[in-house]
Amino acid sequence: MSQMRRATLSVTGLHAGYRRRAVLKGLDLAPVTPGSLVALLGANAAGKSTLLRTLAGQLRASAGTLQLGGHDLARLDAHTRRGLVAYLPQSLPAASALFAWEAVSTACNAAHPGKSTNSREAMTEAVFQRMGIERLALRRMGELSGGQRQMLGLAQALVRQTPLLLLDEPTSALDPRWQLEVLNVIREDALAREAIALIVVHDLNLAVRFCDRVVVLDDGRAIADGAPASALSPAILRQAYGIAGRIEHCSQGHPIVIADHALPRTTYGEIA
Ligand SMILES: Nc1ncnc2c1ncn2[C@@H]1O[C@H](COP(=O)(O)OP(=O)(O)OP(=O)(O)O)[C@@H](O)[C@H]1O
């Protein structure tokens, strides 16, 4: 398993999609540096999950380059990929009969076969503590709520300690408090390990509050890429989402995205 910790991610000229549908159409990202939390934004069907699936090796790029450190992500064997990339899909982990502790420790054991049993147990315990889910450890996966299962899926991804984390809507099933907690944990993890976390989110306020950088996709291309407050301009909100919107600052200084109204469908078009 690779011991690589710090790695820059670069994506250039990426084309990828499905048999009958080209989705990513020459996507370029400025290099993503270690220790970054980057939000992938964009309307439904813009290509966000397709980008994560391609980076995770589930879809083959038809053109372009995907580099993580010295590795070509398009040509990794499964073993090396497991050491470099953790992917949390949109779907929740299976509602199995496993105890939550077993589900996370199985992921930990598979990712760190060279470590002692004691240190793997300590790593598993640390993830439960960091996420504040110790009370779920002895509950069965099949008996957890949707939000609790999503937390466990994230714990399985984090315990692997890969240099690249790909998280597809990791907070979609969580209540407001846990959304804040989880985004904090992801950001701290990326910073502490100098890893890269790419997260797909629809909540623009979470993105501007927690992410160093946002990339806005539209029809398979990046139309904005930068610090949240400058990248999410009214013009980009209009183009990407078909909304009239703006960023303001609340009385406590946090940036907030205000969506004033949806533009008429005749201006914006239909979902693709
Ligand atoms: N397995 C598939 N086979 C064929 N087309 C697909 C498949 N999965 C997704 N697509 C199509 O690819 C396009 C991009 O989908 P993708 O899931 O990447 O969008 P997304 O930006 O993640 O959207 P959302 O915000 O709705 O999750 C859509 O038009 C979708 O219909």
Side-chain angles (χ1 to χ4, degrees), residues 2 7 9-32 38-96 107 110 146 149-150 153-154 156-157 160 162-173 196-202 207 214-225 236 239-242 265-272:
S2 169
L9 173 71
S10 54
V11 175
T12 52
L14 179 63
H15 288 254
Y18 308 91
R19 218 148 47 101
R20 289 194 199 80
R21 185 177 288 269
V23 176
L24 303 177
K25 301 164 184 168
L27 178 76
D28 294 308
L29 296 184
V32 185
V38 178
L40 286 180
L41 306 176
N44 292 126
K48 305 176 297 294
S49 297
T50 302
L51 173 58
L52 292 198
R53 283 187 208 122
T54 310
L55 290 167
Q58 296 198 345
L59 281 177
R60 190 185 290 269
S62 53
T65 59
L66 297 169
Q67 288 278 137
L68 182 67
H71 294 273
D72 178 353
L73 283 178
R75 291 174 199 282
L76 290 181
D77 61 83
H79 176 76
T80 310
R81 185 180 300 282
R82 271 200 301 279
L84 295 176
V85 185
Y87 168 53
L88 180 69
Q90 248 176 47
S91 52
L92 299 178
S96 67
R149 263 197 291 148
Q150 190 164 52
L154 184 61
Q156 287 175 307
R160 293 175 49 196
T162 52
L164 179 60
L165 268 170
L166 306 171
L167 307 173
D168 201 340
E169 299 193 33
T171 55
S172 60
I196 291 170
L198 281 190
I199 63 167
V200 172
V201 278
H202 279 300
V214 300
V215 174
V216 184
L217 298 192
D218 183 45
D219 192 22
R221 294 184 187 85
I223 57 166
D225 182 346
I236 291 294
Q239 182 181 348
Y241 292 104
R265 268 189 236 159
T266 44
T267 317
Y268 177 57
E270 300 292 332
I271 195 164

Exercise. Quick check: does any side chain N or O of Arg160 sit under 3.5 Å from a backbone N or O of Arg82, one acting as donor and the other as acceptor?
Worked result: yes
Exercise. Any luck finding a side-chain donor-acceptor pair between Tyr87 and Arg81 under 3.5 Å?
Worked result: no
Exercise. Got a donor-acceptor contact below 3.5 angstrom from the Ser62 side chain to the His15 backbone?
Worked result: yes
For this session: State, to 0.1 Å, how close Val215 and Val38 come at their nearest heavy-atom pair, and which atoms those are.
Result: CG2-CG1, 3.9 Å
Problem set entry | Leu68 and Leu55, any side-chain heavy atoms less than 4.5 Å apart | no
For this session: Determine, stepwise, if the pair Leu164 / Ile196 fulfils side-chain contact (heavy atoms from CB on, under 4.5 Å).
Result: CA-CA 5 Å; Leu164 179 60; Ile196 291 170; 3.7 Å; yes
Problem set entry | Shortest non-hydrogen separation from Gln150 to Thr171 and the atoms involved | OE1-C, 3.5 Å
Seminar exercise, completed: CG (Leu73) and OG (Ser10) are apart, to the nearest 0.5 Å, by 9.0 Å
Exercise. Ignoring hydrogens and geometry, is there a side-chain-to-backbone donor-acceptor pair from Arg149 to Ala94 under 3.5 Å?
Worked result: no
For this session: Keeping the roles fixed (side chain from Lys48, backbone from Ala43), state whether a donor-acceptor pair exists under 3.5 Å.
Result: yes
Problem set entry | Taking every non-hydrogen atom, the tightest pair across Leu88 and Pro170 | CD2-CB, 4.1 Å
Exercise. If you measure only the distance, is there a donor-acceptor pair under 3.5 Å linking the side chains of Ser172 and Gln90?
Worked result: no
For this session: Indicate the atoms forming the closest heavy-atom contact of Gly17 with Thr50, along with that distance.
Result: CA-CG2, 4.4 Å
For this session: Kindly indicate whether the side chain of Leu84, heavy atoms from C-beta on, has any atom under 4.5 Å from the side chain of Thr162.
Result: no
Problem set entry | Qualifying residues under salt bridge (Lys or Arg N to Asp or Glu O under 4.0 Å), relative to Asp225, sequence neighbours excluded | Arg213
Exercise. Which residues pass the salt bridge (Lys or Arg N to Asp or Glu O under 4.0 Å) test with Arg75, sequence neighbours left out?
Worked result: Asp72
Exercise. Can you find a pair of side-chain heavy atoms, one from Ile236 and one from Asp218, that are under 4.5 Å apart?
Worked result: no
For this session: Please tell me if the side chains of Leu198 and Leu9 come closer than 4.5 Å, counting only heavy atoms from C-beta onward.
Result: yes
Problem set entry | Approximate separation, where rounding is to 0.5 Å, of Leu27 CG and Asp219 CG | 11.5 Å
